[in-house]
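Single-structure report; data block below.
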Amino acid sequence: MANIKFFTGMDIPLELHKVRMVQKLNLQPIERRLEAISEAGNNTFLLKNKDIFLDMLTDSGVNGMSDRQTAAMLICDDSYAGSASFERLEAKVHELFGTDYLLPAHQGRACENILAISFVKEGDIIPMNFHFTTTKAHITRLGGRVAELLSDEGIQTSSDNPFKGNIDLDKLRRFIADTDPQHIPFLRVEAGTNLIGGQPLSLENMHDVCEICREHHIMTVLDASLLQDNLYFMKTREEQCKNLTIREITKRVADEFDIIYFSARKFGFARGGCIAIHDKKHYDQMRELVPMYEGFLTYGGMSVREMEAITVGLDETMDEDVISQGPLFIDFMTKELLKRHVPVVTPSGGLGCHLNAREFLPHIDDHEYPAGALAAAVYLAGGIRGMERGTLSEQREADGTEPIADVELLRLALPRRVFTMSQVLYAVDRITWLYENRNLVGGLRWVEEPGSLRFFFGRLEPTSNWQEKLVAKFRADFKDSL
Ligand SMILES: *Cc1c(COP(=O)(O)O)cnc(C)c1O
């Protein structure tokens with residue numbers, strides 16, 4: 001990556017792109033934000049964009065597109081079958097991963113649906129470093145379960161372990177020894193482990209895990225949705241990757257796994273999904289589901305424009321100057337918050353900056369959802385929309401008991417190539433104010449709780465009038481400022 005030092009000693013990341021198309025943002029007064037969050041049932045998924053200043057909900061489908069991507073979208077081949085746009089995408093995936101077969105799908109979870117229907121049956125257990133919400137939902141819907149084999153350090157929120165997404169090899173060996181092989185359809189590795197704060201795995205760990213699986217004839221699947229950040233962390237944190245190019249690291253990763261799927265809403269800076277497959281047998285096992293659920297084999301529910309954008313986006317992902325931006329800005333934001341004693345997940349990962357809600361709001365009981373309450377409070381404090389990644393994002397057991405999440409995080413995603421330095425500093429300012437006033441923040445309780453994926457559309461209310469008190473304190477401190 002371009003090595004840039006400042007004469008004045010500033011320690012800031014530098015944008016290595018320029019902005020040539022912009023979108024106007026609204027910063028609503030806090031009184032309107034209070035109305036908006038209660039209209040949204042205290043669920044940031046239900047806020048309207050017009051009420052949001054910095055949308056840090058997700059990095060999914062909202063990354064900044066490049067001039068080259070936008071240009072590619074104008075020259076595309078719109079046909080139901082045999083589209084040249086698909087051929088270009090297929091060729092690019094083959095070039096990067098070395099896989100011979102590609103199945104398209106409309107987004108990442110659609111790939112998971114196809115994988116789950118093809119391979120998961122009642123009573124199966126799928127080992128993985130950590131679950132992702134949609135992955136787990138597809139597996140459990142079919143009567144399967146997930147076994148999380150993350151190393152214990154993975155869920156320690158404060159750490160200096162550079163690869164908290166790694167699988168514990170002893171846990172994996174024990175799992176294999178204790179489980180009927182008939183019930184292990186595949187092992188899944190999630191790059192840039194989403195729910196624990198975008199934490200990477202090392203190339204060494206991926207290799208060791210896949211080696212053990214090969215010995216036991218267990219198929220291996222990589223969820224590469226967040227591989228972009230993981231590649232950057234391998235390059236900068238892992239000795240054996242220091243002298244490899246991003247392309248070489250990508251190829252080494254891809255060589256380990258039987259199947260690689262990704263959400264192109266993240267990997268590829270566009271919108272869509274792909275399943276890349278080495279072995280024709282696996283391709284044949286999944287192929288017929290694509291026309292059934294997604295669309296014909298040469299578009300799979302994607303528009304040809306998006307396929308062109310993904311093809312270029314994947315190419316840009318091989319440029320260290322491009323993929324360093326996310327992690328560098330996230331690291332900057334994390335360190336600025338740490339300087340102000342705000343509890344954040346360390347080391348910083350990809351995807352976004354993650355506030356540790358259990359430490360931020362220690363007075364809130366887990367059953368009153370500290371991370372959910374923090375999401376509502378951060379929106380009030382700054383018009384900033386984050387995503388709860390904690391107990392609210394879990395699913396109740398069949399008997400109604402509520403599993404308490406290992407970590408209670410508020411994710412503040414930094415979609416790639418979108419926010420500027422001053423916007424990041426504004427977020428740090430408002431979060432610091434909130435931290436100084438954290439005692440005013442209270443919990444949440446359900447008003448409407450859906451049975452599955454409740455975090456998407458459930459509605460909650462504050463357990464007291466804490467939000468009115470927070471608004472009054474903001475007015476006292478900020479006078480007539482927005
Ligand atoms: C986003 C994501 C998915 C799902 O992808 P969508 O395109 O949103 O359906 C799957 N796995 C991981 C790790 C993700 O981050």
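Just so you know, ligand 1 is whichever comes first in the structure, and atom 1 is the first atom listed for that ligand.
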Sub-4.0 Å atoms of ligand 1 with respect to non-hydrogen atoms of [X]:
| X | result |
| --- | --- |
| Glu112 | 10 (C), 11 (N) |
| Arg265 | 7 (O) |
| Arg109 | 4 (C), 5 (O), 6 (P), 8 (O), 9 (O) |
| Ser60 | 8 (O) |
| Ser263 | 5 (O), 6 (P), 7 (O) |

For [atom], what is the nearest protein heavy atom, given as residue, atom name and distance?
| atom | value |
| --- | --- |
| atom 6 (P) of ligand 1 | Gln107 NE2, 3.3 Å |
| atom 3 (C) of ligand 1 | Phe132 CE2, 3.4 Å |
| atom 1 (C) of ligand 1 | Lys266 NZ, 1.3 Å |
| atom 13 (C) of ligand 1 | Asp223 OD2, 3.3 Å |

Heavy atoms, side chains only, cut-off 4.5 Å: are [X] and [Y] in contact?
| X | Y | value |
| --- | --- | --- |
| Pro415 | Thr58 | no |
| Leu374 | Leu355 | yes |
| Lys266 | Arg416 | yes |
| Met333 | Leu414 | yes |

Arg271 to ligand 1, any heavy atom closer than 4.0 Å =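 So Arg271 does not count as touching ligand 1.
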Work out whether the distance between some heavy atom of Gly273 and some atom of ligand 1 is less than 4.0 Å.
-> no
Taking both backbone and side-chain atoms of [X], is any N or O found less than 3.5 Å from an N or O belonging to ligand 1?
| X | value |
| --- | --- |
| Asn194 | yes |
| Gly108 | yes |
| Glu190 | no |

Kindly write out the residues that satisfy side-chain contact (heavy atoms from CB on, under 4.5 Å) with Pro104, not counting sequence neighbours, or none if the list is empty.
->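 If we apply the side-chain contact (heavy atoms from CB on, under 4.5 Å) test to Pro104, skipping adjacent residues, the hits are Phe86, Val290, Met302.
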Under 6.0 Å between the ring centres of Phe457 and Phe45?
-> no
Do we get Arg389 above Phe455's six-membered ring, with its NZ or CZ under 6.0 Å from the centre and within 45° of the axis?
-> yes
Provide the full list of side-chain hydrogen bond (donor to acceptor under 3.5 Å, both in side chains) pairs with a residue in residues 93-109, sequence neighbours left out, each pair given once.
-> Lys92-Glu95, Glu95-Arg247, His106-Glu294
Mind checking whether Phe267 and Phe97 have parallel, tilted or perpendicular rings, split at 30° and 60°?
-> parallel
